[in-house]
Amino acid sequence: MKRQWAIITGIIIVLIIAIFAVINVDPVEVNYLFGRAEWPLVLVIISSVLMGGLITGSAAMYKLHKQKQEIKRLKNRLQSHDESWSEQENEVASGKEEEEEELPGGRVARKRMKSK
């Protein structure tokens, strides 16, 4: 349902821009860095909207790509933590124990002891 509302909203926005552009058909002077040209305002409006959409879409795709990379990195990190956790569980299950010794500053040192 959310996607349908997004499509409907997009269509409404496109229609508003198209109506606005068609109403403004007067020629306007466009200044470039290297010269000037006279274009119909409708083309200036439509090209501005398209360029804005391309820039916004490119920025969104870049952000999405970065998020996918971060998700992949975090999944790999989680998998390595799960593997080390499984190894520790196996050590405990096989009878190996750890002895804790309190160090100055509230830190704890762990010493592994061999199975009994």
Side-chain angles (χ1 to χ4, degrees):
M1 187 72 170
K2 188 176 180 181
R3 185 166 172 87
Q4 291 173 344
W5 281 110
I7 291 171
I8 291 170
T9 304
I11 291 171
I12 290 170
I13 290 172
V14 167
L15 285 174
I16 290 171
I17 292 170
I19 291 169
F20 179 73
V22 170
I23 291 172
N24 294 295
V25 292
D26 299 330
V28 293
E29 186 175 306
V30 179
N31 294 321
Y32 303 106
L33 291 174
F34 50 85
R36 297 178 184 194
E38 202 166 287
W39 289 55
L41 187 54
V42 65
L43 292 179
V44 174
I45 292 171
I46 290 174
S47 62
S48 296
V49 169
L50 289 176
M51 287 180 64
L54 286 173
I55 291 170
T56 303
S58 298
M61 290 185 69
Y62 175 76
K63 187 173 183 178
L64 183 65
H65 176 69
K66 285 293 193 183
Q67 287 175 343
K68 283 183 179 181
Q69 284 181 333
E70 180 72 8
I71 289 170
K72 192 178 206 179
R73 186 185 67 78
L74 289 173
K75 280 183 178 179
N76 290 337
R77 187 172 172 194
L78 180 63
Q79 184 179 6
S80 69
H81 284 302
D82 284 346
E83 288 171 358
S84 67
W85 181 259
S86 296
E87 289 173 6
Q88 288 177 358
E89 284 180 335
N90 289 339
E91 288 176 4
V92 170
S94 67
K96 293 183 180 175
E97 297 178 2
E98 289 184 353
E99 183 180 280
E100 293 183 353
E101 179 183 333
E102 192 169 329
L103 298 174
R107 293 184 296 176
V108 175
R110 292 186 175 93
K111 295 180 182 177
R112 288 193 178 162
M113 298 181 67
K114 300 206 179 208
S115 51
K116 298 178 181 179

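Nothing fancy with the numbering, it's 1 onward along the sequence.
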Give, for atom [atom1] of [X] and atom [atom2] of [Y], the distance between the pair rounded to the nearest 0.5 Å.
| X | Y | atom1 | atom2 | answer |
| --- | --- | --- | --- | --- |
| I46 | N24 | CD1 | CG | 11.0 Å |
| K63 | S58 | NZ | OG | 15.0 Å |
| I45 | W39 | CD1 | CH2 | 13.5 Å |

By the definition side-chain contact (heavy atoms from CB on, under 4.5 Å), identify the one residue from D26, I19, V25 that meets it with I23. I19

Check each of I12, I13, I7 against T9 using the side-chain contact (heavy atoms from CB on, under 4.5 Å) test, and report the only one that passes. I13

Could you tell me if the side chain of K68 sits less than 4.5 Å from the side chain of K72, heavy atoms only? no

Do W85 and E89 have side chains that approach each other closer than 4.5 Å (heavy atoms only, starting at C-beta)? yes

For V22 and V42 the tightest heavy-atom approach is N-CG2, 4.1 Å

Indicate if [X] and [Y] have the same hydrophobic cluster label, given that clusters are the connected sets of ILVMFWY residues with side-chain heavy-atom separations under 4.5 angstrom.
| X | Y | value |
| --- | --- | --- |
| L33 | M51 | no |
| V28 | L50 | yes |
| M1 | I11 | no |
| L41 | L43 | yes |

Y32 OH: over 12 foreign heavy atoms closer than 6.0 Å: yes

Stepwise side-chain contact (heavy atoms from CB on, under 4.5 Å) test for H65 and Q69: CA-CA 6 Å; H65 176 69; Q69 284 181 333; 3.2 Å; yes

Can any side-chain N or O of S84 pair as donor or acceptor with the backbone N or O of H81 at less than 3.5 Å? yes

